[in-house]
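Atom set for the values below is all heavy atoms of this structure, side chains included, hydrogens, waters and symmetry mates excluded. We number each residue from 1, following the sequence as shown. From a predicted model like this one, the values you see are computed outputs, not experimental measurements.
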Amino acid sequence: MVGCHGGCGVEAARLQARQRRVLHIVLWINAASFLLMVGAAFYARSTSLLSGALDSLGDALTYALSLAVVASSLRAKAWVAMFKAALILGAALAVATAIGWRLFVDPAVPLFEAMGWAGALNLAANLACVWLLRPWRDGDVNLASAYECARNDIADGLSVLLAGTLVWLTGRGWPDLVVAALLLAVFLASAWRVSRNALGALRAA
């Protein structure tokens, strides 16, 4: 490019370094959140907490994949975004299975105390990830899909807190299942958006 004189390559390297730094941070936040949520989900017997744990695991894998293709071509990033959509869809199927288990096999009432503290910590972690990824939300398909995953987690965290509150008020387990079903719908919608954007990027490539 005329007038670039090597500066474009340096600037691109700096941009990629910033992207990697952000992705490393949100990767470890989500890995820690997954360990917290999966332990709390089994302790509290909560399907909505389990959905949050699966979402955090999927996000950690998503950010790891995003790191791998920071410097790759648009086509490679688009294919990784398609894989991210498949991960989100897999989380949705796992949540649907957990809902069926609670409905027909083990209809236990969750422990709202554990739902409350785990949900609050998870929400704080999700807010941090959205704040870190927000500057990249309209950038390339790789970082944009990572932001999409983080934004979904806000609804996840708020929903788990709502479920815990309703379990406390009613003394019943149905609010946990209702919230899990709503999160299932969020996952499905997110998988559709990410896959649609990835298809658009593939056509552009």
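- Side chains of Val95 and Leu50 form no contact here, defined as non-hydrogen atoms less than 4.5 Å apart.
- No side-chain heavy atom of Met37 sits under 4.5 Å from any side-chain heavy atom of Leu57.
- Closest non-hydrogen pair, Ala114 versus Tyr43, comes out as CB-CD2, 3.7 Å.
- Expressed to the nearest 0.5 Å, how far OG of Ser48 lies from CG of Leu161 amounts to 9.5 Å.
- When all heavy atoms are compared, the tightest approach of Val22 to Leu132 is CG1-O, 3.7 Å.
- Taking each heavy atom of Leu188 and Ala92 in turn, the nearest pair found is CD2-CB, 3.9 Å.
- A pairwise comparison of heavy atoms in Asp176 and Ser46 identifies OD1-OG, 2.8 Å as the closest pair.
- Under the 4.5 Å side-chain contact rule for hydrophobic residues, Ile25 and Leu23 share a cluster.
- Taking OG of Ser159 as the reference point, atom CG of Leu49 lies at 11.5 Å (rounded to 0.5 Å).
- For the side-chain hydrogen bond (donor to acceptor under 3.5 Å, both in side chains) test, no residue two or more places apart in sequence or in another chain qualifies with Thr47.
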Item to complete: Go through the steps for Leu111 and Trp168 under the test side-chain contact (heavy atoms from CB on, under 4.5 Å), then give the verdict.
Response: CA-CA 8 Å; Leu111 301 176; Trp168 171 57; over 6 Å; no

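- Under the 4.5 Å side-chain heavy-atom criterion for grouping Ile, Leu, Val, Met, Phe, Trp and Tyr, Leu123 is connected to Leu133 within one hydrophobic cluster.
- Residues that satisfy the salt bridge (Lys or Arg N to Asp or Glu O under 4.0 Å) test with Arg196, not counting sequence neighbours, are absent from this structure.
- Note on Leu182 and Leu169: separate hydrophobic clusters, where clusters join Ile, Leu, Val, Met, Phe, Trp and Tyr whose side-chain heavy atoms are under 4.5 Å apart, directly or indirectly.
- Across Leu166 and Pro175, no two heavy atoms sit closer than the pair CB-CB, 3.4 Å.
- A single hydrophobic cluster is seen to contain both Ile29 and Trp131, as judged by linkage of ILVMFWY side chains at heavy-atom distances under 4.5 Å, directly or through other members.
- Contacts of Asn122 classified as side-chain hydrogen bond (donor to acceptor under 3.5 Å, both in side chains), with partners at least two apart in sequence or in another chain: Ser33.
- By the rule that hydrophobic residues join a cluster once side-chain heavy atoms approach within less than 4.5 Å of another member, Ile154 and Tyr147 end up as members of one cluster.
- Scanning all heavy atoms of the two residues, the minimum distance from Ala40 to Ala118 falls at CB-CB, 3.6 Å.
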